[in-house]
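Numbering starts at 1 and runs along the sequence shown. Nothing here was measured: the structure is a model prediction, and the numbers come from that model. Counting starts at 1 for both ligands and their atoms, following the listed order.
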Amino acid sequence: MNAKKTIKDIDVKGKRVFCRVDFNVPMEDGNVTDDTRIRAAVQTVNYLAEQGAKVILASHLGRPKGEVNKDFRLTAVGERLAELIGKDVKKLDSSIGEEVENAVSTMDEGDIILLENVRFHAGEEKNDADLAKKFAALADIFVNDAFGAAHRAHASTAGIAEFIPGVSGFLLEKELDVLGKALSDPERPFTAIIGGAKVKDKIGVIDNLLDNVDNLLIGGGLSYTFTKAQGYETGNSLVEEDKIELAQSFIQKAKEKNVNLYLPVDAVVADAFSAEANVQTVKIDSIQDGWMGLDIGPETAALYADVIKKSKLVIWNGPMGVFEMEQFAAGTKQVAEAMAETEGYTVIGGGDSAAAVEKFHVADKMDHVSTGGGASLEFMEGKELPGVTVLQDK
Ligand SMILES: Nc1ncnc2c1ncn2[C@@H]1O[C@H](COP(=O)(O)OP(=O)(O)O)[C@@H](O)[C@H]1O
Ligand SMILES: O=C(OP(=O)(O)O)[C@H](O)COP(=O)(O)O
């Protein structure tokens, strides 16, 4: 991938800048529970404002499926950003239309506006040209600093650059630099840990990882599709039925490639997806009807911790369990602590994984906490990231 122009390479003074950030942060009861991604954007936002740009920030939050949904408004995010930068952030209730055009037309140099969730428009995820054109009409320059969403070809991450010139922000530049260096000639043993709940997004990544890594550890919601592929029952656990065969083929490929593929040997199961559920620890071949796996078991966690501590490079994306609930947090905590202890170079990717290492107070022990989960995985696979491809070459 060619080096891309950054905000340092252009003059932004007096210009209207449409700056796409990834403020898709974990929320609970309308409050931001982890502000890692907001803090990660501060450098770019401050720089643009200090240079005298008119800063128009845009982000998605969650997956509201193209409709306005009050649970996915960016209001609390804007408030948190304002606290962090110590400047006013004018939060709007829409991302296109008259309110937005009027607000932009009265901006002074250094002013900051935060648009409403761009995914309230169905055209965003469809990369609709009309919507992209409307975003572009608000600004003179497109700055992409949304590394976490750079693997999405959406109207505000990619389409917009068809109409106005695009450059990268500091966060996007740093992520590409650090991840690129770690992976260009990986230190070995090289271990990848994949978990979380976005099974469809992540399972495909495994194919390419099997060409590169020495050890692959699978946990989280993703692991039960593999459990099923091993021929065991999974009760009510998260399983993508149409990916079972693919999981079987990965088990085979790992053998052929001499990759150590580690799958859970035990699980913490519950009779409901709830912090108050009844819970027990079972061997992986003994998940009963009516129970669901919500964390890796202690034997699995110990095994994974041991592999991590012996690795020279470890990348981790996706929690090992529903760590937000105390009863299902132990597996993720143990993996996080092993990551903190290993002498190997450690990279964490993903909004929830970053939140997990924050929660367990080990974020500062990691070599790099990436703001992108899917994005860092796709980058590691060597895939082009649409949000990067559209930017101007140096
Ligand atoms: N066994 C499981 N069943 C259901 N959800 C799970 C399970 N394990 C982890 N999760 C959930 O996965 C979510 C994170 O998944 P994902 O978005 O893929 O990770 P990231 O944001 O780090 O890329 C967490 O909110 C966690 O509660
Ligand atoms: O949280 C994100 O990705 P991640 O869970 O892979 O880290 C990004 O904001 C992208 O969100 P999306 O996966 O709904 O497109």
Side-chain angles (χ1 to χ4, degrees), residues 20-28 33-34 36-38 40-41 59-65 72 77 117-119 124-125 127 146-154 156-158 175 193-203 205 218-227 234-240 264 267-270 272-275 277 284 287 291-297 300 315-332 335-336 347-359 369-379 385-387:
R20 178 59 157 95
V21 287
D22 184 352
F23 286 166
N24 182 26
V25 292
M27 309 268 293
E28 222 175 274
T33 52
D34 179 77
T36 305
R37 280 182 169 161
I38 308 177
S59 177
H60 73 286
L61 175 65
R63 293 176 169 179
K65 302 196 170 84
F72 296 104
V77 169
N117 192 341
V118 287
R119 286 194 186 170
E124 167 63 8
E125 292 185 68
N127 197 5
F147 177 71
H151 58 317
R152 306 291 183 212
H154 293 172
S156 71
T157 62
E175 291 270 17
I193 314 164
I194 310 289
K198 292 179 181 171
V199 182
K200 279 208 169 101
D201 281 5
K202 289 179 185 176
I203 203 154
V205 173
I218 308 282
L222 183 71
S223 67
Y224 301 97
T225 302
F226 283 86
T227 307
T234 49
N236 291 338
S237 309
L238 183 67
V239 169
E240 289 290 345
V268 176
V269 296
F273 190 90
S274 152
I284 205 67
I287 301 178
W291 293 77
M292 63 182 85
L294 294 182
D295 194 10
I296 53 172
T300 310
I315 55 167
W316 177 21
N317 174 265
M320 297 292 98
V322 184
F323 72 98
E324 297 91 340
M325 300 181 201
E326 213 43 56
Q327 304 210 76
F328 315 113
T332 303
V335 163
V347 179
I348 310 287
D352 294 297
S353 308
V357 293
E358 280 288 336
K359 176 173 172 163
V369 180
S370 173
T371 50
S376 60
L377 289 175
E378 290 198 17
F379 180 69
L385 302 180

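In this structure a side-chain-to-backbone donor-acceptor pair under 3.5 Å is present from Thr33 to Pro26. No donor-acceptor pair closer than 3.5 Å links the side chain of Arg119 to the backbone N or O of Lys65. Side chain of Asn236 to backbone of Met292: no donor-acceptor contact under 3.5 angstrom is found. A donor-acceptor pair is defined here as one N or O able to donate and one able to accept, closer than 3.5 Å; no such pair exists between the side chain of Trp291 and the backbone of Gly293. Remark: side-chain polar atoms of Thr332 are paired, donor with acceptor, to backbone N or O of Met320 under 3.5 angstrom. Side-chain N or O atoms of Asn117 include one that pairs as donor or acceptor with a backbone N or O of Leu61 at under 3.5 Å. Gln327 places a side-chain N or O within donor-acceptor distance of the main-chain N or O of Ala275, the cut-off being under 3.5 Å. Within the 3.5 Å criterion, the main-chain N or O of Arg37 finds no donor-acceptor partner in the side chain of Thr371. Side-chain atoms of Asp295 never come within 3.5 Å of backbone atoms of Val268 as a donor-acceptor pair (strictly under, hydrogens ignored). In this structure, Ser376 contributes its side chain and Gly372 its backbone to a donor-acceptor pair below 3.5 Å.
Here the protein heavy atom with the shortest distance to atom 3 (N) of ligand 1 is Leu294 CD2, 3.8 Å. Closest to atom 22 (O) of ligand 1 among all protein heavy atoms lies Ser353 OG, 2.6 Å. The nearest heavy-atom contact from the protein to atom 16 (P) of ligand 1 is Lys202 NZ, 3.4 Å. Closest protein heavy atom to atom 1 (N) of ligand 1: Gly293 O, 3.0 Å. In terms of protein heavy-atom proximity, atom 7 (C) of ligand 1 is nearest to Gly221 N, 3.3 Å.
Shown in contact with Tyr224 at under 4.0 Å from a heavy atom are these atoms of ligand 1, numbered in order with element: 1 (N). Less than 4.0 angstrom separates some heavy atom of Gly196 from each of these atoms of ligand 1: 12 (O), 15 (O), 18 (O). Here is the list of ligand 1 atoms found below 4.0 Å of a heavy atom in Gly220: 1 (N), 8 (N). Close approach of ligand 1 to Lys198 is summarised as follows: ligand atoms under 4.0 Å from at least one heavy atom of the residue are 17 (O), 18 (O).
Within 4.0 Å of ligand 2, heavy atoms belong to protein residues Asp22, Asn24, Arg37, His60, Arg63, Arg119, Gly148, Arg152, Lys198, Gly350, Gly351, Gly373, Gly374.
Counting heavy atoms only, Val322 comes closest to atom 6 (C) of ligand 1 of the residues Asp352, Ile348, Val322. Around atom 9 (C) of ligand 1, the closest heavy atom drawn from Gly321, Ala197, Ala355, Gly374 belongs to Gly321.
Contact annotation for Glu324 and ligand 1: only side-chain heavy atoms (C-beta onward) come within less than 4.0 Å of the ligand. If you look at Asp295 next to ligand 1, there are no close heavy atoms at all, none under 4.0 Å. If you look at Phe328 next to ligand 1, there are no close heavy atoms at all, none under 4.0 Å.
For the side-chain hydrogen bond (donor to acceptor under 3.5 Å, both in side chains) test, residues two or more places apart in sequence or in another chain that qualify with Ser156 are Arg20, Glu124.
Between Tyr224 and Glu240, the closest side-chain pair of non-hydrogen atoms is not below 4.5 Å. Two residues are said to be in side-chain contact when any heavy atoms from C-beta on lie closer than 4.5 Å; Phe226 and Ile203 meet this criterion.
Residue Phe273 has no N or O atom closer than 3.5 Å to an N or O atom of ligand 1.
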